[in-house]
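Here is the structure we will look at.
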Amino acid sequence: MRRRRLLALTLAMMLGLSGCAARPVGEDEEKPAPTLPRASVEWTAPDGDFIYGEPGLWTLYLPSRNGLNLAAQHVQSTPGILRSEEAEAIARELLAYPANQQVDALGGGVQLALAAENPVEYSGGVVTVNLASSALGLGYRGVYTLGLALASTLCELENVRCVNVLVAGQSVSLDTGGMLPMGSVTAHPGENLPVLWEQMEARKTPVGSDAAQTPLTSYMTLYFPLDNGQGIICENRTLTFPGQTPGLMASAILEALSQGAMYLTGVTEMPDLMSQMIYEPLTSELADGGRMITLSFREGVEAEWQAAGVDPACLAAAICYSLTTFIPGTAGVAIRVGDRPMTSLRSEKFGEVPVLGGLLRRSGFGNYLMGQTTVYFIRDGRLAPAEKSVDRGRADSLRAQLAALTEGPDARERAEGLEAALPEGTGEEDVLGVALEGDAVLVNLSESFRSGIQRMGREAETLLCYSMVNTLCLNSGARRVCFFFEGEQVEYIAGTVYWAGVFDYNTGLCEESFG
Amino acid sequence: MKILLAFFVVVGASFIVAANNMNGVVRNYLTGQRTREDTQAAENLAAIYAPLFQSGDVTDLNNRLQEDALGLDGRLLLVDTDGKVQYDSLNGFCGQRLQLSEVLRVLSGEDTASYGMHRADREAVYRMTGEAEAEYVAYGAHEMTGSRGLIGALVYVSRIQGMMDSMNQVSRQLNTVFALIGVVTLVLALFLSRVVTSPIVNLSRTMRRMGEGDLSVRVPEKGSGELLQLAVNYNTMAAQLEKMDRSRNQFVSNASHELKTPLTSMKIMLETMLYEPDMPAELRQEFMRDINQEIDRLTQIITDLLTLTRMDNRQDAMKMEDLDMSALTEEIARLLRPVAEKRGQKLICRAAPGLRMRGDGGKLNQVLYNLTDNAMKYTQDGGTVQVSLEEEGENLVWRVKDNGVGIPREDQEHIFDRFYRVDKARSRDTGGTGLGLSIVKQMVGLHGGSIRVESEPGKGSCFIVTLPRDREGGRTAG
């Protein structure tokens, strides 16, 4: 009996030990899941719109003392301002920068200043600097150098690719004939200024030659009307002109406009303007100085434009801006329909367009120029970018970006498969505060917004969140976003996304990451 | 059968243990290797992604994450110090909190790296790995550090279903192989056990038949070693038993005959006397004397039988004492000398003086008396009987020699058998029961001694009894 017990015990031990040879995978599944502590952030919820930035440095480019190139100078930046405001501030700093051992002042003995009206326009990567008429005292080369300095300086800003220089609202010529336009200037820091000037001079009509026979290739800014009469927006292009006369330039510009925008979205499909014109563009001098370009369209063209979905006011603004920004000395544009001048023009959004003496001036369309901001809607389960037009003064406004998101995609965008990311019924009023602090955007949303998220459910929550994150980060340069709801951080709303803590900018959810 | 069953149990348990251990070794090796590989991969990737994570170079980070995850055939996630997924190669968990023990260990600072293999429901594993029908997944977390210290963790979701399937397949194959080997082993064991136990079974069967009374059965003496020895020993024992049974039967037969013979004789004489009332008185007297003689004879036979029975059953206890054998020998000779002289026989006694030994005096007296009495009975008148006692080594040796009729060679080995008579008629005439030498032999055996005879017909016999001097009792001679 004892032997049997011993044998049974030995067998049981053997079998038991054999079971311990390897621990089955997943044996620890019975242990309770660990939990992480609640996320905490170093910020408090903004109750308004702020930009907190650390003071930094702006780089100004001025002609070196020896006149050979542009030298960099650094000044303390003004933190917490929008980019559009920043461009103006930098321009003012540049114009006022005094000479020193390294650089000359831009104006030399001329007191440079910005024009009072629309001194700096920032839209779509293009900065248009409108100088006061005192800049004319610089001379052609001086103006060109000024343009290079402005371009080199302002192109230091993110997303600025070129600069247009106007004086008193008109493009300046770089030759005595008044025909050589500066065009849109890109940055040339470090390049040899005399060489650049020579290259520019080489383009002008030689003495004794016919300007109409002197071709010109130039980088310039074209303006296009936005859909639904929302304004105009610009695009840069290199055009070749058959001659250096205003009429020829105007024709070439109109022809380029008729081809439509190459890169922009949300712009109206352009009519064939040249075919609608009954005469070639005419140039005439104005009594108070400056040039007027007259465009004569056939009768009924306005109806054609409207039938084609082109807002006549926005089209006029686009034509006016395109011609006046490039063709030197052009004060404005006169549009004739049939045999009568267009004396009134009205925009549903912008109201009556001032037409004085039949002249459409650039300044009359100052508020037509829109900015664009990229927002992320949803398409096929991914984030898809869309360009939304916003007032150019708010183009880099965080609130404007969120407002554009709440508006959702327009008809054209919906036709392209885009869907709204944010809860239905939410609007700009649900953004209680938004601030840029360092590299983080702080967003304070309302309880109504939170309820809207909850209604949308788990499936939509991730894309809803990252549509805001990516939109805000892309346009502001921030790299993370922190959300508050009624001033507090919330952990979960619909159950999927952990809303507390921060969200990093993530292009992985964007459709361009796939395929 | 019990042994076989025990063998089966032991072998079966051994194979189970071996199979389990082998499976365990293989499993531990594979999982250990995979753990090392995945942990190293996570460490390497964490070093690469930490600066990208800190700098926020989003496009490059996302592209690399997807490429690296594809290369590893797994999933990579970057989580911040709050455990929130900021980047995911499959983009399914962005913005979500990863409640994994491995992540917690790393983010809490408990360890710089953590790895674990898990079993979960298929839906959960599919959500993590994108593998359909998978039940296993492994997570490797490694800290990412930057200029400010811990900035997050890299999580490597490793697809281990393939490895688990391989392990299970290996395990199944091992189990199958072990089971097959086990079955073959058991079959061989069964065969071998039958080979081994067959002789034992035969022996057992034979023993049972013997137990049922058939003493003639024998087991085949086949094989070698212990089993052959067992068969030989058994057959020897069976032969002995058969011989003893025959002897017993013979004894019973002889005893019956010996007992019946005087009774028959008595009955005849009594019936004659009963049915012949006119029998002459002298004849009647003679018959009465004969009847009396037969009764004496019967009594002696019964007495002798009882003596033998007691000795057989060891009921007759040995009264061991220090004996003067020389004096005992002289005494027996003295007692029987008058009988010898009556027959004209010479009884010579030569006992070496001072020979002593431990023994039962009564029994030794009877031994020497019987032998000397027999010698005188089977020696003609005028013959000589010599009785001697000598010391030979550690033994004392009696010799009782006569020059009588002698014993034929064929009878010499049987004269110590019970009721055996060389010449039945003669021994009856001399009053013998046929048990005297049996009793002598038994008594000598009780002292550990031996007895033999040297005889030649017509020339006489010599009975030689060898007795150890210090033995405490002895075996009963068989």
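Chain identifiers are assigned alphabetically (A, B, ...) following the order of the sequence lines, protein sequences preceding nucleic acid strands; residue numbering begins at 1 within each chain.
No side-chain donor from either of A:Thr471 and A:Gln401 sits under 3.5 Å from a side-chain acceptor of the other. Side chains of A:Glu387 and A:Thr373: no donor on one and acceptor on the other come within 3.5 Å.
Within the 4.5 Å cutoff, no side-chain heavy atoms of A:Tyr376 are placed close to those of A:Val469.
Both the backbone and the side chain of A:Thr496 come within less than 4.5 Å of a heavy atom in chain B. The parts of B:Phe53 that come within reach of chain A are both its backbone and its side chain, each placing non-hydrogen atoms under 4.5 angstrom from that chain. Within the 4.5 angstrom heavy-atom criterion, only side-chain atoms of A:Glu491, from C-beta onward, approach chain B. Only the backbone of B:Val85 comes within contact range of chain A, judged by heavy atoms closer than 4.5 Å. For B:Ser171, no part sits under 4.5 Å from any heavy atom of chain A, backbone or side chain. If you measure heavy-atom distances from B:Leu107 to chain A, the contacts under 4.5 Å come from the side chain alone.
A salt bridge does not link A:Glu419 to A:Arg379: none of the charged side-chain nitrogens sits closer than 4.0 Å to a carboxylate oxygen. Checked for salt-bridge contact, A:Arg450 and A:Glu486 miss the test: no charged N lies under 4.0 Å from a carboxylate O.
Contact count versus chain A (heavy atoms, under 4.5 Å) is highest, among B:Lys84, B:Gln86, B:Arg97, for B:Arg97.
Remark: A:Thr59 pairs with A:His74 by the side-chain hydrogen bond (donor to acceptor under 3.5 Å, both in side chains) rule, at least two apart or across chains.
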